[in-house]
Amino acid sequence: MSFINHMAREINCKIVYYGPGLCGKTTNLHYIFENTSPQAKGKMISLATETDRTLFFDFLPLSLGEVKGFKTRFHLYTVPGQVFYDASRKLILKGADGLIFVADSQPEREEANLESLDNLRANLQEQSMSMDTVPYVIQYNKRDLPNVAPVEKLRSALNTRGVPDFEASARTGQGVFETLKATSKLVFASLKRN
Ligand SMILES: Nc1nc2c(ncn2[C@@H]2O[C@H](COP(=O)(O)OP(=O)(O)O)[C@@H](O)[C@H]2O)c(=O)[nH]1
Ligand SMILES: [Mg+2]
């Protein structure tokens, strides 16, 4: 549901980082914020955070260059991961042009990843959206930690549809921009189609 402003020659897209609590969604946004030139980014906003955990969302507007003479603005959002914030998650998903599912690579988070993915699927369906149609990318985060699950294992559990997926460490920045770029590419491709 990208918003195209023909007068200002701007395309506005919404990208949502989804995933279980503490998988590294906010850390992704912080890394992007810190490694983007001042003129290309707006203010990063974290709403109602308490002891460092997002209660509603994080928001970061970004300019990602031009497409056919149109300035492209990306609005990055994260969702709260905790079970009881499902209403917020639904709200934030509304009108998403692209989705990034951030998985936590730690073996003990296997169940949390699957639950979050199921929750994403259900929430999309409720809004007549689907992973088959919305541009969608997976990130296996925290690869810098020792004893992470093998990528093949994560992939077979979480990426049954074979979408683009990336190993990352939001803490070091490895894979962070690759994930975002792949998503924006899919978003542009879908904009062209529609
Ligand atoms: N080692 C490591 N820790 C990470 C990584 N990404 C996030 N974390 C840590 O995991 C915790 C939760 O991260 P946060 O971004 O707040 O998770 P969110 O709930 O998904 O927003 C924080 O302590 C982060 O520093 C990563 O790639 N590697
Ligand atoms: Mg967060």
Side-chain angles (χ1 to χ4, degrees), residues 1-19 23-25 28-29 31-33 35-37 39-42 44 57-79 86 88-103 113-114 116-141 151 154-168 170 175-194:
M1 220 183 277
S2 56
F3 172 69
I4 302 179
N5 182 338
H6 286 274
M7 292 283 280
R9 299 190 74 74
E10 269 179 18
I11 304 175
N12 290 273
C13 303
K14 177 176 184 177
I15 294 189
V16 176
Y17 285 74
Y18 214 93
C23 66
K25 301 176 294 294
N28 263 274
L29 256 65
Y31 184 83
I32 293 163
F33 183 78
N35 291 279
T36 303
S37 64
Q39 61 269 30
K41 68 188 174 192
M44 178 162 169
F57 62 66
D58 304 305
F59 169 65
L60 174 60
L62 271 189
S63 297
L64 287 189
E66 294 207 352
V67 172
K68 295 191 173 164
F70 279 80
K71 246 192 219 149
T72 60
R73 283 191 204 283
F74 278 73
H75 302 252
L76 309 186
Y77 287 83
T78 71
V79 296
D86 203 39
S88 315
R89 278 197 297 277
K90 284 180 192 170
L91 199 62
I92 293 158
L93 263 187
K94 265 192 203 305
D97 298 295
L99 292 176
I100 296 169
F101 184 80
V102 181
N113 290 330
L114 286 170
S116 179
L117 193 59
D118 278 345
N119 173 258
L120 171 60
R121 209 175 277 126
N123 282 344
L124 284 174
Q125 204 165 31
E126 225 176 85
Q127 301 180 43
S128 315
M129 291 167 75
S130 143
M131 279 165 175
D132 296 319
T133 48
V134 71
Y136 173 56
V137 165
I138 298 177
Q139 178 188 79
Y140 310 115
N141 191 32
V151 170
L154 292 163
R155 184 173 282 142
S156 68
L158 304 170
N159 194 6
T160 47
R161 298 175 50 255
V163 300
D165 55 4
F166 298 88
E167 291 184 54
V176 168
F177 277 102
E178 286 83 347
T179 308
L180 178 60
K181 270 187 202 140
T183 313
S184 62
K185 241 171 124 175
L186 291 180
V187 171
F188 285 144
S190 99
L191 285 178
K192 272 191 204 146
R193 275 197 307 273
N194 299 317

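Source: prediction; values computed, not measured. No hydrogens, no waters, no symmetry mates; every other heavy atom, side chains included, goes into these values.
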Could you pull out the closest heavy-atom pair between [X] and [Y], with the gap in Å?
{"X": "Val16", "Y": "Ala96", "value": "CG2-CB, 3.8 Å"}
{"X": "Phe101", "Y": "Leu117", "value": "CE1-N, 3.7 Å"}
{"X": "Ala170", "Y": "Tyr31", "value": "O-CB, 4.0 Å"}
{"X": "Gly175", "Y": "Gln139", "value": "O-NE2, 4.0 Å"}
{"X": "Met131", "Y": "Leu120", "value": "CE-CD2, 3.4 Å"}
{"X": "Ala103", "Y": "Leu158", "value": "CB-CD1, 3.5 Å"}

Is the backbone of [Y] close enough, under 3.5 Å, to the side chain of [X] for a donor and an acceptor to pair up by distance?
{"X": "Lys25", "Y": "Thr78", "value": "no"}
{"X": "Asp165", "Y": "Tyr140", "value": "no"}
{"X": "Gln127", "Y": "Lys90", "value": "yes"}

Distance (rounded to the nearest 0.5 Å) between [X] [atom1] and [Y] [atom2]:
{"X": "Lys41", "Y": "Ser63", "atom1": "NZ", "atom2": "OG", "answer": "12.0 Å"}
{"X": "Phe59", "Y": "Leu29", "atom1": "CZ", "atom2": "CG", "answer": "10.0 Å"}
{"X": "Lys14", "Y": "Leu99", "atom1": "NZ", "atom2": "CG", "answer": "10.0 Å"}
{"X": "Arg9", "Y": "Thr72", "atom1": "CZ", "atom2": "OG1", "answer": "13.0 Å"}
{"X": "Ile4", "Y": "Glu10", "atom1": "CD1", "atom2": "CD", "answer": "11.5 Å"}
{"X": "Leu114", "Y": "Asp118", "atom1": "CG", "atom2": "CG", "answer": "7.0 Å"}

### Query
Regarding Asn12 and Asn5, is there a side-chain donor-to-acceptor distance under 3.5 Å anywhere?
no
### Query
Do Val102 and Cys23 pass the side-chain contact (heavy atoms from CB on, under 4.5 Å) test, and can you show the C-alpha distance, the side-chain angles, and the key distance before you say yes or no?
CA-CA 6 Å; Val102 181; Cys23 66; 3.7 Å; yes
### Summary
Of Val176, Leu76, Leu60, the one forming a side-chain contact (heavy atoms from CB on, under 4.5 Å) with Asn28 is Val176
### Task
Might you confirm whether atom CD of Gln125 has over 12 heavy atoms from other residues, nucleotides or ligands at distances under 6.0 Å?
no
Show every donor-acceptor pair shorter than 3.5 Å between a side-chain atom in residues 184-192 and any protein atom, with sequence neighbours excluded, or say none if there are none.
from, atom 1, to, atom 2, distance (Å)
Ser184, OG, Leu180, O, 3.4
Ser184, OG, Lys181, O, 2.9
Ser190, OG, Val187, O, 3.3

### Task
State, yes or no, whether a side-chain contact exists between Tyr18 and Ile92 at a heavy-atom distance under 4.5 Å.
no
### Query
Are Val163 and Ile138 close enough, and set up right, to give a side-chain contact (heavy atoms from CB on, under 4.5 Å), and what steps lead you there?
CA-CA 7 Å; Val163 300; Ile138 298 177; 3.8 Å; yes
